[in-house]
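A quick write-up on the structure given underneath.
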Amino acid sequence: MPVSLTELLLKHRTRFLPVVSFNPASDILLPMDFTAANQELTDSILNDTTAFCQWVTNKLEAAGARYGIGGYNEHRTVYRMSRVFDGTGDLEPRRLHLGIDIWGAAGTPVYAPLEGTVHSFADNNRAGDYGATILVEHELEGTRFCTLYGHLNRASLNGMEKGKAIAAGQQIALFGIPDENGHWPPHLHFQVISNPGNWQGDYPGVCRFSEREQYLANCPDPDIILQMIQ
């Protein structure tokens, strides 16, 4: 019976390097909730990028946290801020988050957790979208998969080429500012994708709840690599 990607990642988890600089002995992580339970995030905040950025900054500063973190398999009402996630006709809107977000300062360096090659990249330049995005392809025991890095600064795409070798621990990007990251407070969307199919420089980071099982099967828990929550 073939080994699942989740099992393979768990087997190799000791070899993964940090995606962002973090000292678990001294740095504080703030779990951040973007579900309906978070009633602080009113439409007036979500629809004002400056106010949304200030809300995140205030939360991190109040907690003395280096990063805010969370979101995998989280049903998020926050996506009502953008038509990117709306359904059309009888289709339900996309609300289930498939990656982990690391909220922090613009310009925060992003590193590859293991060696690979550039799969694809793009500037998904729409409000609410990823902005600058990079997918890196990896191989473990003959199994190929991708990691996705979204909401980067636009300069991170300079010099990118499909097939370019990426070393484990290599800096590949920086957190972007709102004008280049899809108009979000600065953060990294990190996602693991078993099979990206025909997607290039993009892959859904949010799905419809009715499609939850199929998307979670293709996008295992990124914290197996990050090791920042578990």
Side-chain angles (χ1 to χ4, degrees), residues 5 9 12 15-23 49 53 56 66-69 71 82 84 98-140 142-206 218-220 222-228:
L5 179 56
L9 294 174
H12 289 273
R15 67 181 286 188
F16 301 137
L17 298 177
V19 171
V20 294
S21 296
F22 174 68
N23 184 345
T49 302
C53 289
V56 171
R66 184 168 185 179
Y67 304 111
I69 193 163
S82 172
V84 168
L98 300 170
I100 285 179
D101 287 334
I102 303 173
W103 305 82
T108 296
V110 177
Y111 305 94
L114 69 164
E115 67 277 4
T117 59
V118 175
H119 171 277
S120 53
F121 56 94
D123 185 4
N124 298 293
N125 187 22
R126 294 186 297 170
D129 211 328
Y130 285 132
T133 313
I134 298 171
L135 277 78
V136 179
E137 186 175 56
H138 312 278
E139 182 178 341
L140 287 174
T143 296
R144 294 184 178 276
F145 65 97
C146 286
T147 50
L148 181 149
Y149 309 80
H151 308 296
L152 310 174
N153 74 336
R154 205 164 275 129
S156 300
L157 304 183
N158 294 342
M160 279 290 157
E161 297 178 6
K162 190 176 176 106
K164 178 180 178 179
I166 301 294
Q170 178 180 337
Q171 181 179 320
I172 58 173
L174 301 171
F175 288 19
I177 61 173
D179 284 347
E180 57 191 0
N181 79 356
H183 297 278
W184 290 90
H187 73 289
L188 172 71
H189 173 98
F190 178 74
Q191 186 168 333
V192 180
I193 306 164
S194 178
N195 180 8
N198 295 323
W199 289 90
Q200 294 289 313
D202 196 6
Y203 185 86
V206 184
N218 196 44
C219 300
D223 197 53
I224 300 174
I225 292 177
L226 293 175
Q227 299 171 49
M228 297 177 79

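Under the 4.5 Å side-chain criterion, counting only non-hydrogen atoms from C-beta, Phe190 is in contact with Ile225. When side chains are defined from C-beta on, Leu152 does not count as touching Leu174, because their heavy atoms never get closer than 4.5 Å. Using a 4.5 Å cut-off on side-chain heavy atoms (C-beta onward), His189 and Tyr149 make no contact. Cys146 is not listed as a side-chain neighbour of His138, based on a closest heavy-atom distance of 4.5 Å or more. Between Asp202 and Leu148 there is no side-chain heavy-atom pair separated by less than 4.5 Å. Asp101 is not listed as a side-chain neighbour of Leu188, based on a closest heavy-atom distance of 4.5 Å or more. Within the 4.5 Å cutoff, the side chain of Trp184 has no heavy atoms near those of the Thr49 side chain. Between Ile134 and Met160, some side-chain heavy-atom pair lies under the 4.5 Å cut-off.
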**Message:** Assess the residue pair Ile166 and Ile172 against the criterion (side-chain contact (heavy atoms from CB on, under 4.5 Å)); give the C-alpha distance rounded to whole Å, side-chain angles, the decisive distance to 0.1 Å, and a yes or no.
**Reply:** CA-CA 8 Å; Ile166 301 294; Ile172 58 173; 3.8 Å; yes

**Request:** Mind running side-chain contact (heavy atoms from CB on, under 4.5 Å) on Val206 and Leu98 for me, showing each step along the way?
**Result:** CA-CA 6 Å; Val206 184; Leu98 300 170; 5.9 Å; no

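For Tyr130 (side chain) and Gly205 (main-chain N/O), a donor-acceptor pair under 3.5 Å exists by modelled atom type. Although no hydrogens or angles enter the test, the distance criterion places a donor-acceptor pair under 3.5 Å between the side chain of Thr133 and the main chain of Gly131.
Minimum interatomic distance between Leu9 and Phe145 (heavy atoms only, all atoms of both residues): CD2-CZ, 3.8 Å. Taking each heavy atom of Pro178 and Cys53 in turn, the nearest pair found is CG-SG, 3.7 Å. Closest heavy-atom contact between Pro204 and Gln191: O-NE2, 3.1 Å. Residues Phe175 and Trp103 share a closest heavy-atom pair of CE2-C, 4.5 Å. The shortest non-hydrogen separation linking Pro220 to Val192 is CD-O, 3.8 Å. Of all non-hydrogen atoms in Ala106 and Gly176, the two that sit nearest each other are CB-O, 4.1 Å.
The ring-ring contact (aromatic ring centres under 6.0 Å, His included) test applied to Phe121 returns no partner, not counting sequence neighbours. Looking at residues two or more places apart in sequence or on another chain, you find a salt bridge (charged side-chain N to carboxylate O under 4.0 Å, His left out) between Glu137 and Arg144. With sequence neighbours excluded, the residues forming a side-chain contact (heavy atoms from CB on, under 4.5 Å) with Ser194 are Leu5, Asn218, listed by chain and number. For Asp179, the side-chain contact (heavy atoms from CB on, under 4.5 Å) partners two or more places apart in sequence, or in a different chain, are Ile177, His183.
Between the CG atom in Asn181 and the CG atom in Asp129 there is a gap of 10.5 Å [rounded to 0.5 Å]. Put simply, CD1 on Ile102 and CZ on Arg66 are 11.0 Å apart, with the number rounded to the nearest 0.5 Å.
The side chain to side chain donor-acceptor pair (under 3.5 Å) analysis of residues 150-172, with sequence neighbours excluded, yields the pairs Asp123-Arg154, His151-His187, Asn153-Ser156, Lys162-Gln200.
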Which donor-acceptor pairs under 3.5 Å do side chains of residues 107-116 form with protein atoms, sequence neighbours excluded?
from   : atom 1 : to     : atom 2 : distance (Å)
Thr108 : OG1    : Ala105 : O      : 2.6
Glu115 : OE1    : Arg15  : NH2    : 3.4
Glu115 : OE2    : Arg15  : NH2    : 2.7

